[in-house]
Amino acid sequence: MPTPARLESFIAAVEGGAHAKAIEDFYTEDATMRENQAEPRRGRSTLVAQESAVLERTESVISNCVRPVLVNGDHVAIHWIFEFAFKGGAKMRMEEIAWQRWEGERIAEEQFFYDPAQKKPA
């Protein structure tokens with residue numbers, strides 16, 4: 001179960017734009033991450049590489065945690081809003097719920113729930 005301070009540090013890292021670094025610092029080595037019902041991606045290094053590839057296509061990402069964050073033991077639910085500005089001028093706003101299972105002070109499993117229609121850049 002994450003301590004409140006550890007959870008707040010994670011949120012601050014994401015809101016501060018350190019998306020790939022947050023995965024390095026806050027996820028277990030064998031962590032999984034999945035989008036809606038897709039197959040999970042496995043392993044922290046895979047997750048960092050995927051996040052880095054997404055960030056490479058962007059000019060900027062603004063990340064906001066919508067409070068409250070819900071915690072029940074090892075499970076955490078975070079409501080996120082991300083605003084992407086892509087290279088080439090396209091923009092996209094994503095609103096999602098991240099459902100996480102923590103092992104101690106690190107995230108072991110994360111699943112994102114969102115409407116896929118949001119993935120169409122404006």
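- One distance of note links CD of Glu51 with CE of Met33; it measures 6.5 Å at 0.5 Å rounding.
- Contacts classified as salt bridge (Lys or Arg N to Asp or Glu O under 4.0 Å) and involving residues 52-61 (residues at least two apart or in different chains) are given here: Glu56-Lys87.
- Counting all heavy atoms, side chain and backbone alike, Leu55 lies closest to Thr58 at O-OG1, 2.8 Å.
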**OP:** Dump the intermediate steps for side-chain contact (heavy atoms from CB on, under 4.5 Å) on Phe113 and Gln37, then the final yes or no.
**Re:** CA-CA 8 Å; Phe113 295 93; Gln37 301 301 314; 3.9 Å; yes
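- No donor-acceptor pair closer than 3.5 Å links the side chain of Arg44 to the backbone N or O of Leu47.
- Remark: side-chain polar atoms of Gln111 are not paired, donor with acceptor, to backbone N or O of Gln100 under 3.5 angstrom.
- When all heavy atoms are compared, the tightest approach of Glu15 to Cys65 is OE2-N, 2.8 Å.
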**OP:** Begin with the C-alpha distance, continue with both residues' side-chain angles, and end with the deciding distance and a verdict on side-chain contact (heavy atoms from CB on, under 4.5 Å) for Met94 and Phe112.
**Re:** CA-CA 11 Å; Met94 286 282 299; Phe112 302 107; over 6 Å; no
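- In the hydrophobic cluster analysis, where Ile, Leu, Val, Met, Phe, Trp and Tyr join through side-chain heavy atoms closer than 4.5 angstrom, Ile97 is grouped apart from Ile11.
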Can you give the donor-acceptor pairs under 3.5 Å from side chains of residues 19-30 to other protein atoms, not counting sequence neighbours?
from	atom 1	to	atom 2	distance (Å)
His19	ND1	Gly17	O	3.3
His19	NE2	Ser63	OG	2.7
Lys21	NZ	Asp25	OD1	3.0
Lys21	NZ	Asp25	OD2	3.2
Tyr27	OH	Glu110	OE1	2.5
Thr28	OG1	Asp30	OD1	3.1
Thr28	OG1	Ala31	N	3.2

Output a table of donor-acceptor pairs, distance under 3.5 Å, between side-chain atoms of residues 69-81 and any protein atom two or more places apart or on a different chain; print 'none' if there are none.
from	atom 1	to	atom 2	distance (Å)
Asp74	OD1	Met1	N	2.7
His79	NE2	Glu95	OE2	2.6

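- Following chains of ILVMFWY side-chain contacts shorter than 4.5 Å, one cannot reach Val66 starting from Trp99, and the two form parts of different hydrophobic clusters.
- In this structure, the separation between NZ on Lys119 and CE on Met92 is 7.0 Å, given to the nearest 0.5 Å.
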**OP:** Evaluate the criterion side-chain contact (heavy atoms from CB on, under 4.5 Å) for residue pair Glu35 and Tyr114; output intermediate values, then yes/no.
**Re:** CA-CA 8 Å; Glu35 311 287 324; Tyr114 58 86; 3.0 Å; yes
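- Distance check: Thr32 OG1 to Arg42 CZ gives 6.0 Å after rounding to the nearest 0.5 Å.
- For the atom pair CD (Glu105) and CZ (Arg6), the distance works out to 6.0 Å, reported to the nearest 0.5 Å.
- Hydrophobic clustering (ILVMFWY, side-chain heavy atoms < 4.5 Å, transitive): Ile62 and Phe84 are in distinct clusters.
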